[in-house]
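A note on names: the letters A, B, ... follow the listed sequences, proteins ahead of strands, and every chain is numbered from 1. All heavy atoms count here, side chains included; hydrogens, waters and symmetry mates do not.
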2 protein chains.
Amino acid sequence: MARAATTSDAFNAVAEPRRRHILNYLAMRERSVTEIVDAMAIEQPSVSKHLKVLKGVGLVEVRREGRKMFYTVNANAIRPLHEWTSTFERLWKHQLLRIKERAEANDAQKP
Amino acid sequence: MARAATTSDAFNAVAEPRRRHILNYLAMRERSVTEIVDAMAIEQPSVSKHLKVLKGVGLVEVRREGRKMFYTVNANAIRPLHEWTSTFERLWKHQLLRIKERAEANDAQKP
DNA sequence: TTGACATATTCCTATATGGGAATATATTAA
DNA sequence: TTAATATATTCCCATATAGGAATATGTCAA
């Protein structure tokens, strides 16, 4: 079996850094394809392809206005990723605490 | 150009659902490869390959004990994903608020 | 040393990219 | 209608899978 399709879910879709950049850019506000192309250093066909992937997993939504297409982030589609990573928050906080404790123990030893 | 390697960063590594399952399982505590194989419904060679990818991006660490290898999550490597998704938190909260407001406005109209 | 156990690696293959180039489609303006 | 603008799609190709099967490596026990 090959790797899962980029359109299979949000996890696969945001694995591509350019798609994350596009989402970051759209986080400010709605943007047309041309604006995205100008902001990133990517060719227009590539941008359209990335937008298609993002749309496929519901990470963006589109609105037409004349010949322009305006894309917006659908933040809700990012929540599953946020929630999955949150399950490890307790762990890294605990790990940081242990590192801090070790550092303080060292400081106490050699004044 | 092809898709970025699964070992290029944590984003690509966790795009694969079985690797997320492994990380979830390791979140409880350290586990040997055999324990992981028994817990998931995956063949041992596949598990070893997934662990290699996870190790490649620093998402897990290994410790040998006799012929067993014990893997642990390195939660810190998940933080970049958490932080990236957090930049959209404001957006989905805002979107939820608007949905709620609309619902309340509807309720007020038809008693 | 030999065998058993635990884990990793290699080889194979179908599949899905992402970029570049060229082209198609849609919409507005003249 | 025709030209121009805005966006999407298609074709081509090098590359990287993920799983299955077989095998290799490493470690302990007898």
Is [X] close enough to [N] that one of its side-chain N or O atoms is under 4.0 Å from OP1 or OP2 there?
X	N	answer
A/Arg19	C/dG18	yes
A/Tyr71	D/dA8	yes
A/Ser46	C/dG19	yes
A/Lys52	D/dT9	yes
B/Arg18	D/dG19	yes

Heavy-atom donor-acceptor pair, B/Lys68 side-chain to D/dG26 base, under 3.5 Å =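 When only heavy-atom distances are counted, B/Lys68 does not reach the base of D/dG26 through any donor-acceptor pair under 3.5 Å.
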Between [N] ([atom2]) and [X] ([atom1]): distance, integer Å:
X	N	atom1	atom2	answer
B/Ile42	D/dA21	CD1	P	15 Å
A/Arg3	D/dT17	CZ	C1'	6 Å
A/His50	C/dG20	NE2	P	10 Å
B/Arg67	C/dA8	CZ	C1'	16 Å
B/Lys49	C/dC12	NZ	P	13 Å

ask   = With sugar-phosphate meaning primed atoms plus P, OP1 and OP2, does B/Ser48 contact a base, only sugar-phosphate, or nothing at under 4.0 Å between heavy atoms?
value =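 If one applies the 4.0 Å heavy-atom cut-off, B/Ser48 turns out to touch a base.
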key: Residue mapping more 5' on DNA chain D - nearest nucleotide basis, A/Leu51 or A/Met1   =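 Looking at the nearest nucleotide for each, A/Leu51 comes out on the 5' side.
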task = Using heavy atoms to find the nearest nucleotide of DNA chain D for A/Arg64 and B/Thr6 separately, return the residue whose nucleotide is more 5′.
result =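 On the 5' side of the pair lies A/Arg64.
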task = Identify which one of B/Ile22, B/Asn74, B/Leu23, B/Val53 satisfies the side-chain contact (heavy atoms from CB on, under 4.5 Å) criterion when paired with B/Val60.
result =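 Single side-chain contact (heavy atoms from CB on, under 4.5 Å) partner of B/Val60 among B/Ile22, B/Asn74, B/Leu23, B/Val53: B/Leu23.
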